[in-house]
**Student:** 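Here it is, the structure in full.
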Amino acid sequence: MPEGHSIHRLARRHRRLLAGRPVAVSSPQGRFAEAAATIDGQVLTSTDAWGKHLFHRYDDLWVHVHLGLFGRFGDGRGEPPEARGALRMRLVVDDAWADLRGPTACELMDDSGRAALLDRLGPDPLRPDADPSPAVAKVVRSRRTVGDLLLDQSVLAGVGNVYRAEVLFRHGVDPFTPGRDLDPGVVEAMWHDLVVLMEAGVSAGRIVTTEPEDRERPAGRARRVDSSYVYGRAGLPCRRCRSIVRRAELGARTVFWCPVCQA
DNA sequence: ATAATATGGTGAT
DNA sequence: TCACCCTATTATC
């Protein structure tokens, strides 16, 4: 679920569903209870996202949420369902609600705390004003592998394991290539591709990185699209060249690639 | 019933 | 490089 596109989609959804009205904030599970009491009843004035970080603004404070690998938001119109399980944060307005479970981070912070956090993040392809040049410069100067660099949120923010594998495939780049061995033009092209792919991900609510001509199963009602080239396809034939897709550990995460298309 | 898995990240060694 | 945190769902016994 949660790469940058999911977080931007949540920011947009929470803005529409919850913003502009007083919010009843609670933490049935208890781990966010004290902070929840501080902002309970205040108006949610805005929402924002940077990379995989989500922010809710209340007066002069922010709620910062990072879903991590397991975190999820659910929501709905009308009355919230009975609270069950480990419900870290519940937001309720007059006609809607949202529930947060399993986040890595759910905390209250002020402007300086938020600034310090954003200071550690690289540019986010989903922010309209993003400047890719520092990210490109870091990649082409580094001896680390490009697969490692793409997941480093201080290089660029929002890319996760799926977009990493897919953008490398789409540009024919071996994940184990040192960043400094790449042409800056290729890195820049990958950035612009990520902008397109991730914006599509925000709209669709899921990751689709394949071009229509590479899909065996086309988009259609009640039919699942072939959404990825290599992610999760180890042992299966490459959609372009039929070579067997490989998997390996890279930076404590599993990377997938085609040994022929990404030679 | 228990284990394995997952699109993430931190802090210690 | 490892241990660990967070939760739900699916697979395996």
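No experiment lies behind these values; they were computed from the predicted model shown. Each chain gets a letter, A, B and so on, in the order its sequence line appears, and its residues count up from 1.
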**Student:** I need the single residue from A:Arg114, A:Gln153, A:Arg127, A:His8 that forms a side chain to side chain contact (heavy atoms under 4.5 Å, CB included) with A:Trp50. Which is it?
**Tutor:**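 Single side chain to side chain contact (heavy atoms under 4.5 Å, CB included) partner of A:Trp50 among A:Arg114, A:Gln153, A:Arg127, A:His8: A:Arg127.
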**Student:** Using a 4.0 Å heavy-atom cut-off, does A:Arg164 contact any base of the nucleic acid, only the sugar-phosphate backbone, or nothing at all?
**Tutor:**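 No contact.
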**Student:** Using only atom types and a distance under 3.5 Å, with no angle test, would you say the side chain of A:Tyr229 pairs donor to acceptor with the backbone of A:Glu211?
**Tutor:**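 Checking the backbone N and O of A:Glu211 against the side chain of A:Tyr229, a donor-acceptor pair under 3.5 Å is found.
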**Student:** Can you tell me how far P of B:dT10 sits from CD of A:Glu107, to the nearest Å?
**Tutor:**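 One finds 11 Å between P of B:dT10 and CD of A:Glu107, rounded.
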**Student:** Indicate the ring-plane relationship of A:Phe55 and A:His53, choosing parallel, tilted or perpendicular according to the 30° and 60° boundaries.
**Tutor:**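 Correct class here is parallel.
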**Student:** Rounded to the nearest angstrom, tell me the gap between atom OH in A:Tyr163 and atom P in B:dG8.
**Tutor:**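 From A:Tyr163 OH to B:dG8 P: 12 Å.
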**Student:** For a quick test of reading the model: is some side-chain N or O of A:Arg120 closer than 4.0 Å to OP1 or OP2 of B:dT10?
**Tutor:**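 For B:dT10, OP1/OP2 do have a side-chain N/O of A:Arg120 under 4.0 Å.
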**Student:** Which whole number of Å gives the distance between the P atom of C:dA3 and that of B:dA4?
**Tutor:**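 Nearest-Å result for C:dA3 against B:dA4 at atom P: 15 Å.
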**Student:** Which nucleotide in the list C:dT7, C:dC6, B:dT7 gets nearest to the side chain of A:Glu3?
**Tutor:**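 The answer is B:dT7, which lies nearest to the side chain.
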**Student:** Can you tell me if the side-chain N/O atoms of A:Gln29 get under 4.0 Å from OP1 or OP2 in C:dC6?
**Tutor:**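 Indeed not, no polar side-chain atom of A:Gln29 lies that close.
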**Student:** Figure out the CZ/C1' separation between A:Arg253 and B:dT10, and round it to whole Å.
**Tutor:**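 Roughly 14 Å, once rounded to whole Å.
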**Student:** Is there a side-chain polar atom (N or O) of A:Arg72 under 4.0 Å from OP1 or OP2 of C:dT7?
**Tutor:**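 For C:dT7, OP1/OP2 do not have a side-chain N/O of A:Arg72 under 4.0 Å.
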**Student:** Give the nucleotide from the list C:dT7, B:dG9, B:dT7 with an atom nearest to the side chain of A:Gln153.
**Tutor:**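 Nearest listed nucleotide: B:dG9.
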**Student:** Whole-Å distance between C:dT7 P and A:Asp99 CG?
**Tutor:**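 Distance, rounded to whole Å: 13 Å.
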**Student:** Say you pick atom C1' in C:dA8 and the same atom in B:dT10; how far apart are they, in whole Å?
**Tutor:**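 Result for the C1' pair: 22 Å, nearest Å.
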**Student:** For A:Asn161 versus A:Leu151, what's the shortest heavy-atom pair and its separation?
**Tutor:**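 Looks like N-CD2, 3.8 Å.
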**Student:** Is it true that atom CZ of A:Arg242 has more than 12 heavy atoms of other residues, nucleotides or ligands lying nearer than 6.0 Å?
**Tutor:**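 Count over threshold, so yes.
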**Student:** Does B:dG9 have OP1 or OP2 under 4.0 Å away from a side-chain N or O of A:Lys52?
**Tutor:**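 Yes, within the criterion.
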**Student:** Grab the CZ-C1' distance between A:Arg84 and C:dT7 for me, whole Å please.
**Tutor:**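 Computing the A:Arg84:CZ to C:dT7:C1' distance gives 12 Å.
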**Student:** Which part of the nucleic acid, if any, lies within reach of A:Glu249 when heavy atoms closer than 4.0 Å are counted: base, sugar-phosphate only, or nothing?
**Tutor:**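 It contacts nothing in the nucleic acid.
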**Student:** Expressed as a whole number of angstroms, how long is the span from A:Ile7:CD1 to B:dG9:P?
**Tutor:**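 Distance, rounded to whole Å: 9 Å.
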**Student:** Measuring to OP1 and OP2 of B:dG9, would you say a side-chain N or O of A:His66 lies under 4.0 angstrom away?
**Tutor:**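 Yes, such a contact exists.
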**Student:** Using the P atom as the point on both nucleotides, what is the distance between B:dG9 and C:dT9, in whole Å?
**Tutor:**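 It works out to 22 Å between them.
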**Student:** What side chain to side chain donor-acceptor pair (under 3.5 Å) pairs are there with at least one residue in residues 132-151 of chain A, not counting sequence neighbours?
**Tutor:**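 Residue pairs passing side chain to side chain donor-acceptor pair (under 3.5 Å), neighbours aside: A:Asp131-A:Ser133, A:Arg144-A:Asp148, A:Arg144-A:Asp152.
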**Student:** Could you tell me the separation between the CG atom of A:Leu151 and the C1' atom of B:dT7, rounded to a whole number of Å?
**Tutor:**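 That distance rounds to 10 Å.
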**Student:** May I ask you to verify if any side-chain N or O of A:Tyr231 is less than 4.0 angstrom from the OP1 or OP2 atom of B:dT7?
**Tutor:**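 So the side chain of A:Tyr231 is within the cut-off, an N or O lying under 4.0 Å from OP1 or OP2 of B:dT7.
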**Student:** What is the distance, to the nearest angstrom, from the CG atom on A:Leu54 to the C1' atom on B:dG8?
**Tutor:**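 After rounding, the reported distance stands at 15 Å.
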**Student:** Would one find a side-chain N or O of A:Arg88 under 4.0 angstrom from OP1 or OP2 of C:dC6?
**Tutor:**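 It does not, given that no N or O in the side chain of A:Arg88 lies less than 4.0 Å from OP1 or OP2 of C:dC6.
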